[in-house]
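What follows is a single structure, written as structure tokens, with notes after it.
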There are 2 protein chains.
Amino acid sequence: MAMPEVLFALEGRPTAQLIADQLREQIVKGMFRPGEQINESVLASQLRTSRGPVREALQRLCQEGILVSRRNRGVFVLELATDDIREIYAVREAVEATAADALLDAGQEQVRDTCQALKAIISDMAKQVAVSDWQSIARLDMQFHTSFVAGAGNTRLIRIYETLAAESRMCILNLEIAYPRIDVLVQEHQNILDLLESGGREELHKVIKQHMQTAVEDLTATRKEKEVIA
Amino acid sequence: MAMPEVLFALEGRPTAQLIADQLREQIVKGMFRPGEQINESVLASQLRTSRGPVREALQRLCQEGILVSRRNRGVFVLELATDDIREIYAVREAVEATAADALLDAGQEQVRDTCQALKAIISDMAKQVAVSDWQSIARLDMQFHTSFVAGAGNTRLIRIYETLAAESRMCILNLEIAYPRIDVLVQEHQNILDLLESGGREELHKVIKQHMQTAVEDLTATRKEKEVIA
DNA sequence: GAACTGTAGATTGTCAACAATAGGCGATGT
DNA sequence: ACATCGCCTATTGTTGACAATCTACAGTTC
């Protein structure tokens, strides 16, 4: 039988996941303040659905960790403490280092494909830096790292990293002070790309570690400033 | 006011999470076969509750990855392929190595507390090995590693590892061939404990890597045998 | 006036009925 | 006999109503 292969199976995912994806995007974009309560009823009416699917989506996000649930009180947007930042970036460093090793071990072709994707992202990033679109820069920054990890092809690593990426975006946005080292941002990512392409494993590990450490320093520093103000 | 501090706040956790925890334990114990469908209605009646909370719990487990959801079909127990085993143990290696570093950096006291917990687990493990209680051995094996990671105190690392631990137990049970190297099992864990205590960072990394590699080899080997039979 | 208590409002937690969908199975036609 | 079509049933997906719980506020008492 002549199966038309052009038609892709419209794999309608579970509704709760679609809602969760939308909501996560809204949260990391900063549409909800940290600590803010998520009201099920208003969310349900906004999405033109009932509370059931909404509750299921919220459960997912609680499991992910970007929402916290208090019994009989509801769910609230995660409030990130300084220790959380350190945790997140420590795990990110480990995951990216693992992804780097797996990628380099996987062979030249896989590395090349990944590099191609990363180049495109860096190119976009440079454009957004030129017009100072912080929202897009944050998105592309995480997209770069997510694509990097995705290149390794380990689905569990990818799933783990997606949560970390969401939390990282929350760190950046909630502090409301975007990238203090904007001038070197593109260059830093280009460094990672170059080292991946040249296959310098040790240097790659080192630059990833450096990248995370400076991020933590920047984020905790701006956080300290805010504390002084408050 | 004289607040009686002896009373601890009974922080009743969300019902869905309680159900999810119970169900996860049942799954990793092998009460459900891989690929088997989880019927919401029967589960709800077994738990003396309605389908709502059950569905929420199932959502959580889908997010974790030990269940897979197919739209309008329901949720099924994850079927582990050989590649999954490799993925799981690769990530476990990375997480444990990261935990080891964090633990050694955290200071002597934290290391000592962790070692004490690990010693107790090894002791229990030896007892169960003596009576060949495979179910308990598998549980204690993962409890050892989970406690090891927990020692580092990184909540995100712990949460990540709990899922990996659940998947690992599924690997072991679903293959239905427990520990081929039962004689060295206790010794291997004792090695990890000793190296943690002595602070040998590089050796610790190496032995963790070795531990995971042999596990993958054992699991994939027994899997191959089964394929031949089937 | 301060502290405690009881009530009111809002929000979450739970439930049972209803609707929709996918796969199984038999009927039908070639 | 084989393939196809259409119904049928079991199960999931969704909904609105109801119950339980918490916070806030007002009333009451000392």
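Remember, it's a predicted structure, so these values are computed and weren't measured experimentally. Just so it is clear: chains get the letters A, B, ... in the order the sequence lines come, proteins before strands, and each one is counted from 1.
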Notebook entry, point to check: Taking the nucleotide of DNA chain D with the closest heavy atom to each, which residue, A/Arg48 or B/Ile38, is nearer the 5' end?
Noted result: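 The residue mapped nearer the 5' terminus is B/Ile38.
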
In whole angstrom, give the distance that lies between atom [atom1] of [X] and atom [atom2] of [N].
{"X": "A/Leu47", "N": "D/dT14", "atom1": "CG", "atom2": "C1'", "answer": "14 Å"}
{"X": "B/Leu18", "N": "C/dT14", "atom1": "CG", "atom2": "C1'", "answer": "15 Å"}
{"X": "A/Phe76", "N": "D/dT23", "atom1": "CZ", "atom2": "C1'", "answer": "11 Å"}
{"X": "A/Glu40", "N": "C/dA10", "atom1": "CD", "atom2": "C1'", "answer": "13 Å"}

Strictly below 4.0 Å: does [X] bring a side-chain N or O up to OP1 or OP2 of [N]?
{"X": "A/Thr49", "N": "D/dT14", "value": "no"}
{"X": "B/Thr15", "N": "C/dT14", "value": "yes"}
{"X": "B/Gln37", "N": "D/dT12", "value": "yes"}

[X] vs [Y] side-chain heavy atoms within contact, under 4.5 Å:
{"X": "A/Leu43", "Y": "A/Gln46", "answer": "yes"}
{"X": "B/Arg86", "Y": "B/Thr82", "answer": "yes"}
{"X": "A/Met142", "Y": "A/Tyr161", "answer": "yes"}
{"X": "B/Thr98", "Y": "B/Asn154", "answer": "no"}

Notebook entry, point to check: When rounded to the nearest 0.5 angstrom, what distance separates CG in B/Leu78 from CG in B/Leu61?
Noted result: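 One gets 11.5 Å once the value is rounded to the nearest 0.5 Å.
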
Check: If you measure from the Lys or Arg side-chain nitrogens to the Asp or Glu carboxylate oxygens, is any gap between A/Glu25 and A/Arg169 under 4.0 Å?
Finding: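 Salt bridge: yes.
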
Margin query: Among residues at least two apart in sequence or on other chains, which ones pass ring-ring contact (aromatic ring centres under 6.0 Å, His included) with B/Phe144?
Written below: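 Once residues adjacent in sequence are excluded, the partners of B/Phe144 under the ring-ring contact (aromatic ring centres under 6.0 Å, His included) criterion are B/His189.
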
Note to self: Can you tell me which residue among B/Arg60, B/Gln59, B/Arg159 is in a side chain to side chain donor-acceptor pair (under 3.5 Å) with A/Gln63?
What the structure shows: B/Arg60

Notebook entry, point to check: Is there a salt bridge (charged side-chain N to carboxylate O under 4.0 Å, His left out) between A/Asp84 and B/Arg156 once you walk through the steps?
Noted result: CA-CA 9 Å; A/Asp84 289 310; B/Arg156 280 160 183 85; 3.0 Å; yes

Taking N or O atoms only and anything under 3.5 Å, show me the protein contacts with nucleotides 19-23 of chain C, one pair per line.
residue : atom : partner : partner atom : Å
C/dT21  : O3'  : B/Asn72 : ND2          : 3.2
C/dG23  : OP1  : B/Arg73 : NH1          : 2.9

Note to self: Using a 4.0 Å cut-off on heavy atoms, which residues in residues 50-58 of chain B reach DNA chain D? List them by number, or say none.
What the structure shows: B/Arg51, B/Arg55

